[in-house]
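Everything numeric here is computed off the predicted structure, so don't read it as measured data.
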Amino acid sequence: MTIRSFVLRQGRITSGQERALAEHWPRYGLDVDENLRVDAASLFGDARELILEIGFGNGESFVQMAEAAPQQGFVGIEVHRPGVGHALVLAAAAGIDNLRVIRHDAVAIIRDHVPDGVLSRVQIYFPDPWPKARHHKRRIVQRAFTDLIWRKLRAGGEIHCATDWENYAEWMRDVFAGDPKWQNLGGADGFAPRPDWRPQTKFERRGERLGHGVWDLRYRKTEA
């Protein structure tokens, strides 16, 4: 599978984020090599539930979720260096140890380093919508990708997506609705209320005040 769903932009990184990368990467960061294995036993030494988030942005909600559920393990994948640095700042300030971060292409990590059947939940919040029709092939939520996620989830595991682009929400709903391997956990329209575990970001709250919509989609792995 060769989905390239992101553009690697050269964002400005602050001195604090650079310092966090230098100081806290050994604690929270996972280097990508042939020995990397992303499962709870390898990362946390036990059989806890493992949550994987793709594209955590600046890490605000990702770190909040880890802090609120210390019994679970969280792995976040993000390609943008400033966002990874900011997440490390937040994680270190919170003093949490149930979180790990990877700076790499998420599809490659999931394909090559996540064993089948080990994830409890996969989270994809506000992915790049690629709004132009000619770019829709670059959207990460496509059948080949959801088939990959299905293999990596444990029995009864879940994928949870959220977007503020209605067209992309409908696109994702159609991808899942046409696949018997997934059970819709939302309403008849395919959309679900925002669950308690997903904090609103400041951008989402701002959009809400401006009247922008947000659509959550939740699907459970079935054995179809």
Side-chain angles (χ1 to χ4, degrees), residues 5-6 11 14 16-17 20-21 24 27-30 38 40 43-44 48-103 106 110 119-129 140-141 149 153 157-166 168-169 172-173 176 184-187 190-220:
S5 64
F6 61 89
T14 68
Q17 291 164 357
L21 284 161
H24 303 306
R27 179 179 181 183
Y28 296 113
L30 298 175
V38 180
L43 302 183
F44 301 105
R48 71 182 65 192
E49 291 187 349
L50 189 64
I51 316 301
L52 185 144
E53 181 162 337
I54 297 170
F56 57 72
N58 68 6
E60 176 190 345
S61 64
F62 176 60
V63 172
Q64 286 180 38
M65 283 185 284
E67 189 174 13
Q71 76 283 3
Q72 296 176 329
F74 289 79
V75 177
I77 306 175
E78 175 58 62
V79 294
H80 298 291
R81 185 176 173 85
V84 174
H86 190 66
L88 295 180
V89 169
L90 297 175
I96 56 178
D97 288 308
N98 63 326
L99 175 151
R100 300 291 183 269
V101 298
I102 301 172
R103 185 169 177 250
I110 295 167
L119 301 176
S120 297
R121 186 167 72 241
V122 172
Q123 302 176 166
I124 310 172
Y125 299 148
F126 306 99
D128 193 325
I140 192 169
V141 178
I149 297 300
L153 286 170
E158 175 181 342
I159 184 169
H160 178 207
C161 306
T163 181
D164 55 352
W165 284 77
E166 186 173 12
Y168 197 8
M172 291 191 282
R173 178 190 61 190
F176 286 106
N184 174 29
L185 299 179
F191 303 122
R194 179 178 61 86
D196 291 341
W197 72 67
R198 184 176 78 75
Q200 285 184 305
T201 68
K202 62 182 179 182
F203 303 104
E204 185 179 357
R205 290 190 293 271
R206 177 178 178 275
E208 202 172 60
R209 290 195 298 271
L210 295 172
H212 301 169
V214 172
W215 293 266
D216 282 69
L217 302 93
R218 297 176 58 192
Y219 290 88
R220 177 179 292 136

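- Closest approach of D128 and Y168 over heavy atoms only: O-CE2, 3.6 Å.
- Under the 30°/60° scheme for interplanar angles, the aromatic rings of F56 and F62 are found to lie parallel.
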task = Please report the C-alpha distance between R27 and D97 in whole Å, then the side-chain angles of each, then the deciding distance to 0.1 Å, and finally whether the side chain to side chain contact (heavy atoms under 4.5 Å, CB included) criterion is met.
result = CA-CA 8 Å; R27 179 179 181 183; D97 288 308; 2.8 Å; yes
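- Y219 places no side-chain N or O within 3.5 Å of a backbone atom of C161 that could act as its donor or acceptor partner.
- From I102, atom CD1 reaches atom CD of E78 across 12.0 Å, with rounding to the nearest 0.5 Å.
- In plain terms, the two heavy atoms of A106 and I54 that are nearest each other are CB-CG2, 3.6 Å.
- Side-chain atoms of D216 never come within 3.5 Å of backbone atoms of A192 as a donor-acceptor pair (strictly under, hydrogens ignored).
- Within the structure, every pair that satisfies the salt bridge (Lys or Arg N to Asp or Glu O under 4.0 Å) test and touches residues 203-215, not counting sequence neighbours, is listed here: E60-R205, R198-E204.
- Here CE of M65 is found 9.0 Å from CD1 of I51. Values are rounded to the nearest 0.5 Å.
- For the side chain to side chain donor-acceptor pair (under 3.5 Å) with E158, the qualifying choice from R218, Q123, R220 is R218, the only one to do so.
- Cation-pi geometry between R173 and W215 is not met at under 6.0 angstrom from the ring centre and within 45 degrees of the axis.
- Rounding to the nearest 0.5 Å gives a distance of 4.5 Å between CG of N58 and NE2 of H86.
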query = Does the pair I110 and V122 meet the rule for a side chain to side chain contact (heavy atoms under 4.5 Å, CB included), with working shown?
reply = CA-CA 10 Å; I110 295 167; V122 172; 5.6 Å; no
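- In this structure a side-chain-to-backbone donor-acceptor pair under 3.5 Å is present from R103 to V79.
- Minimum interatomic distance between H24 and L88 (heavy atoms only, all atoms of both residues): CD2-O, 4.1 Å.
- Between Q72 and N98, the closest heavy-atom pair is O-ND2, 3.0 Å.
- Ring geometry for H160 versus Y125: interplanar angle over 60°, hence perpendicular rather than tilted (30 to 60°).
- The environment of CH2 in W165 is sparse: at most 12 heavy-atom neighbours from other residues, nucleotides or ligands sit within 6.0 Å.
- Contact between L21 and G85 at its shortest, heavy atoms only, is CG-CA, 3.9 Å.
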ask   = What do the steps show when you test V141 against I159 for side chain to side chain contact (heavy atoms under 4.5 Å, CB included), and what is the final call?
value = CA-CA 11 Å; V141 178; I159 184 169; 5.9 Å; no
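- Between atom CZ of residue F74 and atom CD of residue E67 there is a gap of 11.0 Å, rounded to the nearest 0.5 Å.
- Taking each heavy atom of A162 and P127 in turn, the nearest pair found is O-CD, 3.5 Å.
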